[in-house]
Chemist: 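Just dropping this structure here.
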Amino acid sequence: MDEDSSEHGTAEQWPAGGALLDEVPRDGGVEGPIVIANEFADVVVTRVHTRNGVRLDIWSPRRGTRVQLDAVELDCLSYQEPETFTEMLERKPGG
Amino acid sequence: MTATGTSEGVQRMLADMREGVLQGRVPARIFNDQEIFDLERDKLFSTAWCFLAHESEIPKNGDYVVRYIANNSIIVVRDEHGNINANLNMCRHRGNMMCKSEMGNASHFRCSYHGWVYKNSGELIGVPYFKEGYEGQLDKKQWGMIKIRIDTYAGLIFGTLDPQAPSLDEYLGGFQFYLDIYLRQGAGGSEVHGPPDHWVAETDWKICAENFSGDGYHTPVAHQFGFHLGYFPSSGATHSEGWAVHIPDKGHGIGLGHTPGMPPFFGYPDELVEQMRGSLSAEQIEVFSKTRTAVGSVFPNLSFLIQPFSLVPGEPGVRFCTMRLWHPIGPGRMEMWSWCLVPKDASDEYKEAAYKAYTLTFGQAGTFEQDDFENWTRVTKAAGATAVRDVDFPYVMGLERPRLADFPGPGYAVSPYVTDTNFRNLWSTWLDYLTREA
């Protein structure tokens, strides 16, 4: 429904092509990046260390969007019904 | 009697075939003809229960495979609540194909044309520019994916395009008794071992369906290497022994080959036999324990074979099971799917051995498969030749053979194994569908 890239995250948040993977710390036993893909979408998932903690980075290269979720947000995802994700896609089906 | 547009010649051939089959004659032309292909599409595959997938191919939520009934592409998927759904593989907006992959995992399907999004169970939920473009005129509830009626038996998912079709249970009509030899191998039943082999063959699907309805006759000739090199525990001298059983007017048939002196349940691991003694009926045990080869077809185009086969010539055989779908895509042309079924509760070691035996024999590089398709492709070519159009083939083997009064299983059973009895029932049933009023 909404094709405006500003609503997906601004371009400034994005490193230049290929640079993002270099940003991901490789020390400290980080495993990844992990690619999750099917014929409808593909995302790159990595664990990102901040100074004081860790977040899960979800990057959609094809769409050019990115979100970094902390433990509380991920925990929240873990107990959602499948319909919650359906509602999210209903609001922003993408293209 | 037949569809509008069917030529007088084909209508006459089918009318003559009614009596001809009873007398043991089947016209060659049915195995390679555009009009017959069209009639099968419109009258047979549009009403029969057709195999789609095995439940173990979609074990997790979101798992899907793409299959066909006639020329209809169908997504068979386990939804986010664990239920199995089948929907036409088509976006309701402009008809684009939703899933291009043969298999995958997805919670939602998103059309690559305009971006309509559906739950994997088929409901339309996402429409780009819904507010700006449609201004409240599109009721999403009315534009979900088109559902296909499905039902299951022992892990097999069937679909039918006919809302009025009888239940799957009624359609199988007692053949379930025999299907259990393939589908209830052990207490946990059977599962697919890996994805299916899938290829195109220049062969008419019916030749294969007939062969797997119990053609033990071809085995010592077409597959003679198996006998001569010691791969296959049967000999030409006794190969005709066993039983042929069909379900009258349903088209399903099975050949049960028997080798004299072979130990009961030969080729299965002992622990599996113990399980089957608990999960099968006494009648099934009596039949299956004596069976070396079980080769059967569910009408119209799903077949199975189970038999022991030696991985190394002369060594004791390993029992393997293949399930195959003969999917017509044109006159004399088909897509072939071939799966290896293994007992779910068997050891990994046995599953691997059974898979090796399957691969050695079936799948596009399998020895038996190549033997068969070499012959079947030539039969198909001959059937399409102009001088063969009015030629009949003889189906008189076992024409006077009496029905066994004391056979433990349902259906019409005769002995020996080598006979055309099942095939006459197959062609009569096929004819029933093709000549049925719309």
Chemist: Identify the two heavy atoms, one from A/R62 and one from A/A41, that lie closest to each other, and give their separation to 0.1 Å.
Modeler: NH2-CA, 3.4 Å

Chemist: I need the minimum non-hydrogen distance between B/E123 and B/S121, along with the two atoms involved.
Modeler: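 Closest heavy-atom pair between B/E123 and B/S121: OE1-OG, 2.5 Å.
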
Chemist: Which heavy atom of A/Q68 sits nearest a heavy atom of A/R55, and at what distance?
Modeler: O-NH1, 2.9 Å

Chemist: For residues 136-147 of chain B, which residue pairs qualify under salt bridge (charged side-chain N to carboxylate O under 4.0 Å, His left out), counting only residues two or more places apart or in two chains?
Modeler: A/E90-B/K140

Chemist: Can you tell me how the ring of A/F40 sits relative to the ring of B/F109, calling it parallel under 30°, perpendicular over 60° and tilted otherwise?
Modeler: tilted

Chemist: Would you confirm whether B/E369, through its side chain, and B/G363, through its main-chain N or O, come within 3.5 Å as a donor-acceptor pair?
Modeler: yes

Chemist: Side chains of B/C340 and B/T359, heavy atoms from C-beta outward: is any pair under 4.5 Å?
Modeler: no

Chemist: Look at the rings of B/F130 and B/Y134 and say which category their plane angle falls in: under 30° parallel, 30 to 60° tilted, over 60° perpendicular.
Modeler: tilted

Chemist: Applying a heavy-atom distance below 4.5 Å, give me the residues of residues 96-107 of chain B that approach chain A, sorted by number.
Modeler: B/M98, B/C99, B/K100, B/S101, B/N105, B/A106

Chemist: Tell me, please, which residues at least two apart from A/Q80 pass side chain to side chain contact (heavy atoms under 4.5 Å, CB included).
Modeler: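 A/Q80: side chain to side chain contact (heavy atoms under 4.5 Å, CB included) contacts with A/C76, A/T84, A/F85.
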
Chemist: Which region of A/E83, side chain (C-beta onward) or backbone (N, CA, C, O), has a non-hydrogen atom less than 4.5 Å from a non-hydrogen atom of chain B, or is it both or neither?
Modeler: side chain

Chemist: Chain A heavy atoms under 4.5 Å from B/Y118: which part of the residue, side chain, backbone, both or neither?
Modeler: neither

Chemist: With ring pair (Phe, Tyr, Trp, His ring centres under 6.0 Å) as the test, pick out the partner of B/F51 among B/W339, B/Y153, B/W337, B/W326.
Modeler: B/W339

Chemist: Who in residues 73-82 of chain B is close to chain A, using a strict under-4.5 Å heavy-atom cut-off?
Modeler: B/E80, B/H81

